[in-house]
Amino acid sequence: MTSTTQREIEAAGGSTGVKAERRGALAVWTIDRPDRRNALARATVRELGRLAREATRDRSLRAVILTGAGGQAFCAGADLKERQGMDESEVRDFLALYRASFGAIDRLPVPVVAAIDGVAFGGGLELALACDFRVAARTAQMGLTETSLAIIPGAGGTQRLVRAIGGARAKELIIFGRRLSASDAHTIGLVSALAEEGESALVAAERYVAPLLEAAPIAIAAALDAVDSALDRTLEDGLSYERVCYERTLESKDRLEALAAFAAKRKPVYRGE
Ligand code: COA
């Protein structure tokens, strides 16, 4: 994908609309366009993809939290104001950009947690679905609402929602454009964990992800790869691929460290080697 153009930056309001910060082994990426409920401009989607590709090469990174600024929205989907000025071919290009950027997030070898405060509608929920886990504030709402705009989810929603919650439930959410409360989303497994009453999703997500910051990174990456590929393979093929993924851990120093730590009754220190 080409880099962000000045025109895209201007259309997004003068910046990509994404803030990236590092807290030790954790990266926190914040969509920071609260006046548009963190809607996805082209520059925003492109920047998220750039960050994901950069993070793939970062050997000291252990997890990513993706969130939205302002407390009212994780992300309200595509920037419908920017979309208004796009012709059909530009919309097609935008969908390809979505696919590339969300795919880069999906393929990250470290766990990615979407921290959902407020709404995650349309492309906003599709973005959260490209993450490995979703943690939501009690007041969050989410849905693939595209059919109400006379389109369908075009950033992976029809495929990733089925994989996350199964075909029957996904069909109901997409066809009716249902908006789910955080607690209903938690009940059906779309959300992995809920924040405490009055707590922000970001704080809850930091707590959720904390154990992974000290986990064995080669094992985590191998497990993500094996699980993510399960639904795309036959059982036989999947079992073979599990062996391939296991092999990566077998050759690691971290595996020996785990055994040594167990024998010495101490906490293991994993280095990703
Ligand atoms: N794209 C661009 N701007 C958006 C937006 C979007 N997807 N969603 C909200 N905004 C803007 C609004 O236009 C408004 O801007 P304004 O102050 O210049 O009028 C501002 O964000 C606040 O939105 P508002 O509707 O007043 O806030 P709210 O808290 O009452 O409701 C939403 C927020 C997200 C529930 C509501 O704006 C909404 O339903 N947006 C569309 C969501 C959607 O259908 N997304 C799917 C896209 S495929």
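Note that the structure is predicted; figures quoted are calculated from it, not measured. For ligands, and for the atoms within them, numbers begin at 1 and follow the listed sequence. Residue numbers start at 1 and run along the sequence shown.
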Is any N or O atom of [X], backbone or side chain, closer than 3.5 Å to an N or O atom of ligand 1?
| X | result |
| --- | --- |
| Gln72 | no |
| Lys81 | yes |
| Val119 | no |
| Gly77 | no |

Review point. Would Arg50 and Glu47 pass as an ion pair if we require N to O under 4.0 Å?
Key: yes

Point to revise | Residue pair Arg179 / Ser148, side-chain donor-acceptor N/O under 3.5 Å | key: no

Exercise for review: Examine Leu190 and Tyr208 and state if one hydrophobic cluster contains both, with Ile, Leu, Val, Met, Phe, Trp and Tyr joined whenever side-chain heavy atoms are less than 4.5 Å apart.
Suggested key: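 In one cluster: no.
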
**Study point:** Within one Ile-Leu-Val-Met-Phe-Trp-Tyr cluster: Leu127 and Leu95, side-chain cutoff 4.5 Å
**Key:**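 Both belong to a single hydrophobic cluster.
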
Review point. Counting only non-hydrogen atoms of the protein, does one fall under 4.0 Å from atom 39 (O) of ligand 1?
Key: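 Yes, there is one.
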
Got the closest protein heavy atom to [atom], with its distance?
| atom | value |
| --- | --- |
| atom 4 (C) of ligand 1 | Arg36 O, 3.7 Å |
| atom 41 (C) of ligand 1 | Leu80 CD1, 4.2 Å |
| atom 21 (O) of ligand 1 | Asp35 O, 3.1 Å |
| atom 26 (O) of ligand 1 | Arg37 NH2, 4.5 Å |
| atom 35 (C) of ligand 1 | Phe121 CE1, 3.8 Å |

Check for me whether [X] has a heavy atom closer than 4.0 Å to any atom of ligand 1.
| X | answer |
| --- | --- |
| Leu40 | no |
| Ala78 | yes |
| Arg179 | yes |

Review point. Which is it for Thr145 and ligand 1 at heavy atoms under 4.0 Å: side chain, backbone, both or neither?
Key: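 Under 4.0 Å from ligand 1, Thr145 contributes side-chain atoms alone.
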
Review point. Is the shortest heavy-atom distance from the side chain of Pro268 to the side chain of Asp254 under 4.5 Å?
Key: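 Contact flag for Pro268/Asp254 side chains = no.
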
**Study point:** Side-chain touch Leu129/Arg134, heavy atoms, less than 4.5 angstrom
**Key:**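 Sidechains of Arg134 and Leu129: in contact.
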
Review point. Counting from 1, what ligand 1 atoms have a heavy atom of Leu149 closer than 4.0 Å?
Key: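 Listed by number with element: 44 (O), 46 (C), 47 (C), 48 (S).
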
Practice item. Provide the number and element of each atom of ligand 1 under 4.0 Å from a heavy atom of Ala39. Key: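 Near Ala39, meaning under 4.0 Å from one of its heavy atoms, ligand 1 has 1 (N), 2 (C), 6 (C), 7 (N).
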
**Study point:** Stacked cation flag Arg233 on Tyr241, 6.0 angstrom / 45 deg
**Key:**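 Yes - Arg233 lies over the ring of Tyr241, closer than 6.0 Å to its centre and within 45° of its axis.
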
**Study point:** From CZ (Arg46) to CZ (Arg42), nearest 0.5 Å
**Key:** 8.0 Å

Exercise for review: Indicate the ring-plane relationship of Phe102 and Tyr98, choosing parallel, tilted or perpendicular according to the 30° and 60° boundaries.
Suggested key: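 Rings of Phe102 and Tyr98: perpendicular, over 60°.
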
Check your understanding: Taking Thr44 for the side chain and Thr16 for the main chain, is one N or O donor matched with an acceptor at less than 3.5 Å?
Key ->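 The answer is yes, because a donor-acceptor pair under 3.5 Å joins these two groups.
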
